[in-house]
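So the structure is just underneath, and the comments pick up after that.
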Amino acid sequence: MNKSPVFLKNFKNTVERILHVPGNYTGQILEMAVVIDGSLSREQVADYLPELLGTLKIHSEVFRNVRLNVVQWQGDENITCKVSPMSMVQLSSYYEDYQQQLCKKNFEKLISYLRLFQARAKLIILLTDGKYQVEQEELLQRAMQPFLEKKLMQVVLTGDGADIRYRVERVV
C-alpha cells in the first residue's frame with residue numbers, strides 16, 4: 001500500500017501534538033505502545049507499522065532510544081503485550097508468527113487494559129481496521145480519563161489507504 005507524504009506528515013504532526021501536551025513527555029527515555037488489532041492481515045501490519053516507526057526515527061532523536069510495548073489485540077479476552085526494540089519491529093521477520101483473527105471486539109475492553117497496563121506510555125498508537133464495537137459509551141469515556149484521551153491516536157487502515165484519528169472518535 002502506498003503511504004503518501006501527506007499521510008506521513010500528518011502522522012508525525014499528530015505524534016508531536018501528543019508528546020507536547022502539557023505534562024506528557026519530559027525529555028527522558030520515551031515509553032510508547034503500539035497496539036495491533038488482530039483483524040488486520042499480516043501484510044497490512046508488516047507494510048504499515050515498520051514505515052510508521054521508521055518515519056518517527058527519522059523525524060526526531062527522541063525515537064532513537066525508545067521503550068516500545070507491542071500490544072496484540074486478538075479479542076476481548078486475548079490481549080498480550082511484549083517489550084520489543086523498535087528496530088526489531090521494523091524487520092519483516094518480526095511478523096512471521098502473526099496470525100490474523102477476525103472476531104467481535106469491544107473497544108472499552110482494550111481501553112481498560114491500556115489504562116491498567118500502559119499507564120506509563122507517553123504515546124499509544126492503535127493500528128486498526130476500525131471495525132470494533134463501542135457498547136457502553138459512558139464506560140469508554142471514564143476509562144479514557146485522565147490520560148488516554150490525550151495519548152491515544154488511531155491509524156485506521158482501509159482498503160484504499162489509512163486515516164489518522166486523534167481523540168477518540170467512534171468508528172463503526
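Side-chain atoms are counted along with the backbone in the values below, which use heavy atoms only and exclude waters and symmetry mates.
Panel note: side chain R67, backbone L30; no donor-acceptor pair is recorded below 3.5 Å. At distances below 3.5 Å, not a single donor-acceptor pair connects side-chain atoms of D129 with backbone N or O atoms of L40. The main-chain N or O of Y95 is found under 3.5 Å from a side-chain atom of R42 such that the two form a donor-acceptor pair. Side-chain atoms of Q44 never come within 3.5 Å of backbone atoms of L157 as a donor-acceptor pair (strictly under, hydrogens ignored).
Shortest non-hydrogen contact noted between C103 and G75 is SG-CA, 4.0 Å. Taking every heavy atom of both residues into account, N106 and W73 meet most closely at O-CZ2, 3.7 Å. Minimum interatomic distance between F107 and L140 (heavy atoms only, all atoms of both residues): CD2-CD1, 3.6 Å. Minimum interatomic distance between V71 and Q118 (heavy atoms only, all atoms of both residues): CG2-NE2, 4.0 Å. When every heavy atom of F11 is checked against every heavy atom of I125, the shortest pair comes out as CZ-CD1, 3.8 Å. Between C81 and N69, the shortest heavy-atom distance links the atoms SG-CB, 3.8 Å.
From K105, atom NZ reaches atom CD of Q74 across 7.0 Å, with rounding to the nearest 0.5 Å. The OG1 atom of T128 sits 12.0 Å away from the CG atom of D163 when rounded to the nearest 0.5 Å. Atom-to-atom distance recorded for H20:NE2 and K150:NZ is 16.0 Å, nearest 0.5 angstrom. Note that CG of D37 and CG of L127 are 8.0 Å apart. Values are rounded to the nearest 0.5 Å. The distance from the CD atom of E108 to the CE atom of M144 is 11.5 Å, given to the nearest 0.5 Å. The structure places CD of Q133 at 5.0 Å from NZ of K104, a figure rounded to the nearest 0.5 Å.
Relative ring orientation between Y113 and F117 is described as tilted, the plane-to-plane angle lying within the 30° to 60° band.
In E138, the CD atom is not crowded: 12 or fewer heavy atoms of neighbouring residues, nucleotides or ligands sit closer than 6.0 Å. The local environment of CG in L116 is crowded, with over 12 non-hydrogen atoms from other residues, nucleotides or ligands closer than 6.0 Å. Within 6.0 Å of NZ in K109 there are 12 or fewer heavy atoms belonging to other residues, nucleotides or ligands.
When only modelled atom types and interatomic distance are considered, K131 and S39 share no side-chain donor-acceptor pair under 3.5 Å. Side-chain contact, Q141 with Q145: no donor N or O sits under 3.5 Å from an acceptor N or O.
Using a 4.5 Å cut-off on side-chain heavy atoms (C-beta onward), Y25 and L123 make no contact. Put simply, the side chain of V70 does not reach to within 4.5 Å of the side chain of L49, judged on heavy atoms. Looking only at side-chain heavy atoms (C-beta outward), N78 and Q72 stay at 4.5 Å or farther from each other. Proximity of L53 to M32: side-chain heavy atoms (C-beta onward) are separated by under 4.5 Å at one or more points. Side-chain contact between V66 and L56 is absent, with no heavy atoms from C-beta onward closer than 4.5 Å. At a threshold of 4.5 Å between non-hydrogen side-chain atoms, the residues K12 and S60 do not count as touching. Side-chain contact check for I18 versus M153: some heavy-atom pair is nearer than 4.5 Å. A heavy-atom distance below 4.5 Å is found between the side chains of L52 and V155.
Note on L139 and I79: separate hydrophobic clusters, where clusters join Ile, Leu, Val, Met, Phe, Trp and Tyr whose side-chain heavy atoms are under 4.5 Å apart, directly or indirectly. Hydrophobic clustering (ILVMFWY, side-chain heavy atoms < 4.5 Å, transitive): L19 and V21 are in one cluster.
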**Report entry** Chi angles and distances behind the side chain to side chain contact (heavy atoms under 4.5 Å, CB included) call for D47, K3
**Finding:** CA-CA 10 Å; D47 186 36; K3 276 89 43 206; 3.0 Å; yes
